[in-house]
Engineer: 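Sharing a structure here in structure tokens format.
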Amino acid sequence: MTTATLALRPVRNPAAGLAVEPRSVTLQFDDNARLPLLYGDYNRHLVKVEQWLGVRCADRGNRLTVTGPAERVDMAEAALKALWRQLENGQKVGSGEVDAALRMAEGEAESDPRLPLQDIPQIRTRKGVIAPRSPAQAAYMDTLMRCDMVFGIGPAGTGKTYLAVAQGVALLLAGRVDKIILSRPAVEAGERLGFLPGDMKEKVDPYLRPLYDALNDMMTAEQVAKRIERGEIEIAPLAFMRGRTLAHSYCILDEAQNTTPAQIKMFLTRMGEGSRMVVTGDPTQVDLPPHQPSGLVDALKILDGVAGIAVTRFDERDVVRHPLVARIVAAYGRADAAGPRKKDHDGTGK
């Protein structure tokens, strides 16, 4: 694949009243069979690049010309080249991969401090390669590989738990840990569910379902069941951790914002020889009773600056679910920053 640059006349930016020097880059691809995969059905991937970056894409044969502001053209070129490399490596390119490439290109262009890496990390499982979809995810994956204790902090949909489980599965399959321990506090999300039927497992499984879902994305259901039966994977509520020493294990505490200070201290001090710990949570979604402090918020203050502990913080730019989720997170963030909201007669905020 080769590139060539063509000069165009300057255009005026009406918002700033300044002339903006446009640029045009032509990319030439050497495999016509892969082009439909790069462009997407009805060129929908190219349309996304245009809408995301404010550039214009024009394809003719195996040549693609991108035109627009120089910085944005550079981002589009970097994203398209990254997607082409994925196709050359036999990986799929769908809407999620296009979003990821665009986020990464923006992060590199803006020198995002959360992306200090030359080589983008990857997690390999039996179901395939998992790559980061935002600069924060790249930094998070890097710390998961290097550090014994990692905190992943941020809103829903940023991949905090999913990537932590993926790294645990990769280490288990490689024989670098003896077991994976996944834990959550059994706290209801603002509801009262009453007494659940069944034995202990049936009572706590609804709280732990998201962890099962992540595991099933990494391994087949049969493999998950066998490893749980052999004790290589343990999924348990946080209360079951008291009094244990977790050696040669990969331990994840999910939804840690719903722990009390005593609970999170108890979990962190279970760490034994050859173990790693990951703590994930969103301090803006605490489901504890009023006036009960969050153990996650407390731990982040107490452990700030402690050697050997890494903290990765996500924000709405890193949401990899539906695009509306990022906008919802941003809207709530603005509302929270504006101060407490009043309630009307039916309890809803105005």
Engineer: Side-chain donor-acceptor contacts of residues 249-256 below 3.5 Å, not counting sequence neighbours, with atom names and distances?
Structural biologist:
from	atom 1	to	atom 2	distance (Å)
Ser249	OG	Ala247	O	2.8
Tyr250	OH	Ala164	O	3.0
Asp254	OD1	Thr161	OG1	2.6
Asp254	OD1	Thr280	OG1	2.7
Asp254	OD2	Arg184	NE	2.8
Asp254	OD2	Arg184	NH2	3.1
Glu255	OE1	Gln257	NE2	2.5
Glu255	OE2	Arg184	NH2	3.2

Engineer: With sequence neighbours left out, which residue pairs that include part of residues 147-160 fulfil the salt bridge (charged side-chain N to carboxylate O under 4.0 Å, His left out) condition?
Structural biologist: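 The answer is none; no pair qualifies.
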Engineer: Can you tell me how far apart OH (Tyr162) and CG (Leu215) are? Round to the nearest 0.5 Å.
Structural biologist: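 Answer for the OH-CG pair, Tyr162 versus Leu215, is 10.5 Å.
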Engineer: Which class fits the ring pair Trp84 and Phe29: parallel under 30°, tilted 30 to 60°, perpendicular over 60°?
Structural biologist: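 Rings of Trp84 and Phe29: tilted, as their planes differ by 30° to 60°.
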Engineer: Between Ala100 and Pro132, what is the shortest heavy-atom contact and its length?
Structural biologist: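 Heavy atoms only, the tightest pair is CB-O, 4.2 Å.
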Engineer: Main chain of Pro185, side chain of Asn258: is a donor-acceptor contact present, judged purely on distance under 3.5 Å?
Structural biologist: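 No, the answer is negative, given that no donor and acceptor are paired below the 3.5 Å cut-off.
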Engineer: Consider only side-chain heavy atoms of I, L, V, M, F, W and Y, link residues closer than 4.5 Å, and tell whether Met271 and Ile302 are in one cluster.
Structural biologist: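 Yes: a chain of side-chain contacts under 4.5 Å links Met271 to Ile302.
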Engineer: Mark yes or no for whether Ser275, through its side chain, and His248, through its backbone, hold a donor-acceptor pair below 3.5 Å.
Structural biologist: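 Yes, Ser275 side chain to His248 backbone: donor-acceptor pair under 3.5 Å.
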Engineer: Is the shortest heavy-atom distance from the side chain of Ile153 to the side chain of Leu296 under 4.5 Å?
Structural biologist: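 Yes, side chains in contact.
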Engineer: Less than 4.5 Å apart, side chain to side chain, heavy atoms only: is that true for Trp52 and Glu106?
Structural biologist: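 Side-chain contact under 4.5 Å: yes.
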Engineer: Less than 4.0 angstrom from a charged side-chain N to a carboxylate O is my criterion; do Lys81 and Glu77 meet it?
Structural biologist: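 The answer is yes: the pair qualifies as a salt bridge.
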Engineer: Side-chain contact test, heavy atoms from C-beta onward, threshold under 4.5 Å: evaluate it for Leu171 versus Gln167 and give yes or no.
Structural biologist: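 Yes - at least one pair of side-chain heavy atoms lies under 4.5 Å apart.
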Engineer: Search all heavy atoms of Met218 against all heavy atoms of Ile130 and return the closest pair with its distance.
Structural biologist: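 Closest approach of Met218 to Ile130: SD-CD1, 3.6 Å.
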Engineer: If you count heavy atoms of other groups shown closer than 6.0 angstrom to CZ of Arg242, is the number above 12?
Structural biologist: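 No, not enclosed.
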Engineer: Determine the minimum heavy-atom distance between Val224 and Asn216, stating which atoms define it.
Structural biologist: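 Between these two residues, the closest heavy atoms are CG2-OD1, 3.5 Å.
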Engineer: Apply side chain to side chain contact (heavy atoms under 4.5 Å, CB included) to Val278 and Tyr140, showing your working.
Structural biologist: CA-CA 11 Å; Val278 184; Tyr140 185 52; 3.5 Å; yes
Engineer: Is Glu97 close to Arg133 at the side-chain level, that is, under 4.5 Å between some pair of heavy atoms?
Structural biologist: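 Yes, their side chains come closer than 4.5 Å.
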Engineer: With a 4.5 Å cut-off on side-chain heavy atoms, are Leu53 and Val66 touching?
Structural biologist: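 No, their side chains stay 4.5 Å or more apart.
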Engineer: In Å and rounded to the nearest 0.5 Å, what is the CG to CD1 distance from Leu303 to Ile264?
Structural biologist: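 The distance works out to 8.0 Å.
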Engineer: Grab the two heavy atoms, one from Leu144 and one from Arg276, that are nearest each other, plus how far apart they are.
Structural biologist: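 Looking at all heavy atoms of both residues, the closest pair is O-NH1, 2.9 Å.
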Engineer: Are Arg72 and Glu50 within salt-bridge range, i.e. N to O under 4.0 Å?
Structural biologist: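 No.
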Engineer: Distance check, rounded to the nearest 0.5 Å: Ile180 atom CD1 versus Leu172 atom CG?
Structural biologist: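 If I round to the nearest 0.5 Å, the distance is 4.5 Å.
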Engineer: Side chains of Met75 and Val55: does their closest heavy-atom pair fall under 4.5 Å?
Structural biologist: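 No, their side chains stay 4.5 Å or more apart.
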Engineer: Shortest non-hydrogen contact from Leu87 to Arg34?
Structural biologist: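 Looks like O-NE, 3.4 Å.
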Engineer: Quick check for you: to the nearest 0.5 Å, what is the distance between Cys57 atom SG and Asn43 atom CG?
Structural biologist: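 CG of Asn43 is found 9.0 Å from SG of Cys57.
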Engineer: May I ask you to decide if Gln91's main-chain N or O and Asn89's side chain share a donor-acceptor pair within less than 3.5 Å?
Structural biologist: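 No, the answer is negative, given that no donor and acceptor are paired below the 3.5 Å cut-off.
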Engineer: In Å and rounded to the nearest 0.5 Å, what is the CG to OH distance from Asp59 to Tyr39?
Structural biologist: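 So the CG of Asp59 and the OH of Tyr39 are separated by 5.0 Å.
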Engineer: Rounded to the nearest 0.5 Å, what's the gap from CZ on Arg85 to CG on Leu80? Could you check?
Structural biologist: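 Going from CZ on Arg85 over to CG on Leu80, the span is 11.0 Å.
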Engineer: Is there a continuous path of hydrophobic side-chain contacts, each under 4.5 Å between heavy atoms, that joins Leu300 to Val297?
Structural biologist: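 No, it is not one cluster - the side chains of Leu300 and Val297 are not joined through contacts under 4.5 Å.
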Engineer: Locate the shortest heavy-atom distance separating Leu288 from Pro293; write the atom from each residue and the value.
Structural biologist: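 Closest approach of Leu288 to Pro293, heavy atoms only: CD1-O, 3.6 Å.
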Engineer: Are Ile181 and Arg244 side-chain neighbours, meaning at least one heavy-atom pair lies under 4.5 Å?
Structural biologist: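 Yes, their side chains come closer than 4.5 Å.
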Engineer: Begin from the C-alpha positions of Thr65 and Arg60 and carry the test side chain to side chain contact (heavy atoms under 4.5 Å, CB included) through to its verdict.
Structural biologist: CA-CA 8 Å; Thr65 300; Arg60 177 172 294 181; over 6 Å; no
Engineer: Does the distance from a Lys or Arg side-chain N to an Asp or Glu carboxylate O, for Lys48 and Asp99, drop under 4.0 Å?
Structural biologist: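 Salt bridge flag = yes for Asp99 with Lys48.
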Engineer: Pro261 versus Gln292: any side-chain heavy-atom pair under 4.5 Å?
Structural biologist: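 Pro261 reaches Gln292 side chain to side chain.
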Engineer: Please answer whether the main-chain N or O of Leu238 pairs with a side-chain N or O of Ser183 as donor and acceptor at a distance below 3.5 Å.
Structural biologist: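 Yes.
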Engineer: With side chain to side chain donor-acceptor pair (under 3.5 Å) as the criterion, how do Thr158 and Asp318 come out once you've worked through the C-alpha distance, each side chain's angles and the decisive distance to 0.1 Å?
Structural biologist: CA-CA 5 Å; Thr158 52; Asp318 305 302; over 6 Å; no
Engineer: Going only through I, L, V, M, F, W and Y residues with side-chain contacts under 4.5 Å, is there a path from Met266 to Val306?
Structural biologist: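 Yes, one cluster joins them.
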Engineer: Has the side chain of Ser134 got a donor or acceptor atom that lies under 3.5 Å from a matching backbone atom of Arg103?
Structural biologist: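 Checking the backbone N and O of Arg103 against the side chain of Ser134, no donor-acceptor pair under 3.5 Å is found.
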